[in-house]
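Each chain gets a letter, A, B and so on, in the order the sequences are listed, and its residues count up from 1. All values below were derived from every heavy atom in this structure, side-chain atoms included, with hydrogens, water molecules and symmetry-related copies excluded.
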Amino acid sequence: MPELPEVEVVRRGIEPYTAGWRVERVEVFDPRSLKRHPGSVADFIGALEGRDLLAAVRRGKFLWLPLADRDPRQSEALVCHLGMSGQILLGDHPEQFGPLLRVALELSGPDGESITWGFVDQRLFGSLAIDTVVETIPGVPAGRGSDDPGIPSQVAHIARDVLDPAADLSAIARSMRKKSSGIKRVLLDQTVTSGVGNIYADEALFSTRLHYDYPANRLSQSRALDLLSAVGGVFDRALEQGGTSFDWQYVNVNGQGGYFSQSLNAYGQDGQACSRCGRIIVREAFMNRSSFRCPRCQPRPRVR
DNA sequence: AGCGAGCCCTGCGCGC
DNA sequence: TGCGCGCAGGGCTCGC
């Protein structure tokens, strides 16, 4: 569900409750939400209770909370991935988060106040884990939200997203153009660039008038850069509107949805007129998912 | 090596 | 009303 803009909205929502805050108590209601944690449930709880949070950092769709060192030789972070249906909600007590609450954290703040974090996830594709932090390029922040170059090992293979000031867009464009796959598959490959999911891929392709199955290696460098620029543009606009909400599945930490669904030009618009040319937007299966495109603005490539 | 299929899950809305 | 089916914003692993 959540793509980069939605995860960034969540990151901004929890950021005020990281530095200066301490995890007092952890409750795990469903161990399946810890499937990316390398140890047991008890190990997860033991590794987190009593720890001080330092920041809320995001790269692509991955979020992590660096923890103050318990062992100076080994830094750790709480890694969160929301999967298709994950939410982080803030409240006063776990009971308010409903039956899909999987994990709750009780935090205490610098002035003795307390808050409860609820990790809510219908489909259980999301996860929480304590992970070790590995070094990346010295002096270059690993993601948005901290100047620290360290990154959790589970996130190390994820490429920088286009909103990352340290992202080398020319290099990303070149790596895209080495692939023979359809361009949408490449956009969704989080090791090429991150944060793009089904919605924003379709929006960026619409904006650039590209068919999802256009071979990536047939793009010129400037066309590939145009596409990355379109990805950044749609991310920025979605962020301004609080992200894309179709239903209760995506909400910010206060339970409120975003408004970008009203600005979508392609995703979910099948049967509607193209905002550019008036032709009817179609929906097609690609990669076992739905893709939406304008048949006139984004024609099928002549040869594949 | 790179690609594509399959799998991990639950719940909602629709048509019969 | 009730059931079965298709569908949903993601990512990892395993074959070929």
Exercise. Please check if atom CG in A:N254 has more than 12 non-hydrogen atoms from other residues, nucleotides or ligands closer than 6.0 Å.
Key: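 Yes.
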Quiz item: So does A:F97 have more than 12 non-hydrogen atoms from other groups sitting under 6.0 Å from CZ?
Solution: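 Enclosed.
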Practice problem: Could you check which residues of residues 252-259 of chain A get a heavy atom under 4.0 Å from DNA chain C? Sort them by number, please. | Solution: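 Residues of residues 252-259 of chain A under 4.0 Å from DNA chain C: none.
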Quiz item: Taking protein heavy atoms under 4.0 Å as touching, what does nucleotides 8-13 of chain B look like 5' to 3' if B marks base contact, S marks sugar-phosphate-only contact and - marks none?
Solution: BBBS--
Exercise. Apply side chain to side chain donor-acceptor pair (under 3.5 Å) to A:D236 and list each qualifying residue two or more places apart in sequence or on a separate chain.
Key: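 A:D236 satisfies side chain to side chain donor-acceptor pair (under 3.5 Å) with no other residue.
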With a cut-off of less than 4.0 Å, is there a side-chain N or O of [X] near OP1 or OP2 of [N]?
{"X": "A:T244", "N": "C:dG9", "result": "no"}
{"X": "A:Y267", "N": "C:dG9", "result": "yes"}
{"X": "A:H81", "N": "C:dG11", "result": "yes"}

[X]: salt bridge (Lys or Arg N to Asp or Glu O under 4.0 Å) partners, not counting sequence neighbours:
{"X": "A:D71", "result": "A:R73"}
{"X": "A:D121", "result": "none"}
{"X": "A:E203", "result": "none"}

Quick one: list whatever passes ring pair (Phe, Tyr, Trp, His ring centres under 6.0 Å) with [X], sequence neighbours left out.
{"X": "A:F235", "result": "A:Y200"}
{"X": "A:Y267", "result": "A:F246, A:F292"}
{"X": "A:F206", "result": "none"}

Restricting to nitrogen or oxygen on both sides, can you table the protein-nucleotides 12-16 of chain C pairs closer than 3.5 Å?
| residue | atom | partner | partner atom | Å |
| --- | --- | --- | --- | --- |
| C:dC12 | OP1 | A:R36 | NH1 | 3.3 |

Quiz item: By the rule that ILVMFWY residues connect when side-chain heavy atoms come within less than 4.5 angstrom, directly or transitively, which residues belong alongside A:I280?
Solution: none
Practice problem: Let me have DNA chain C in dot-bracket notation, would you? Count Watson-Crick plus G-U wobble pairs, both distances under 3.5 Å, and use [ ] for pairs crossing earlier ones and | for inter-strand partners. | Solution: .|||||||.|||||||
Quiz prompt | 5'-most by nearest nucleotide on DNA chain C - A:R289 or A:R283 | solution =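 Residue closer to the 5' terminus by nearest nucleotide: A:R283.
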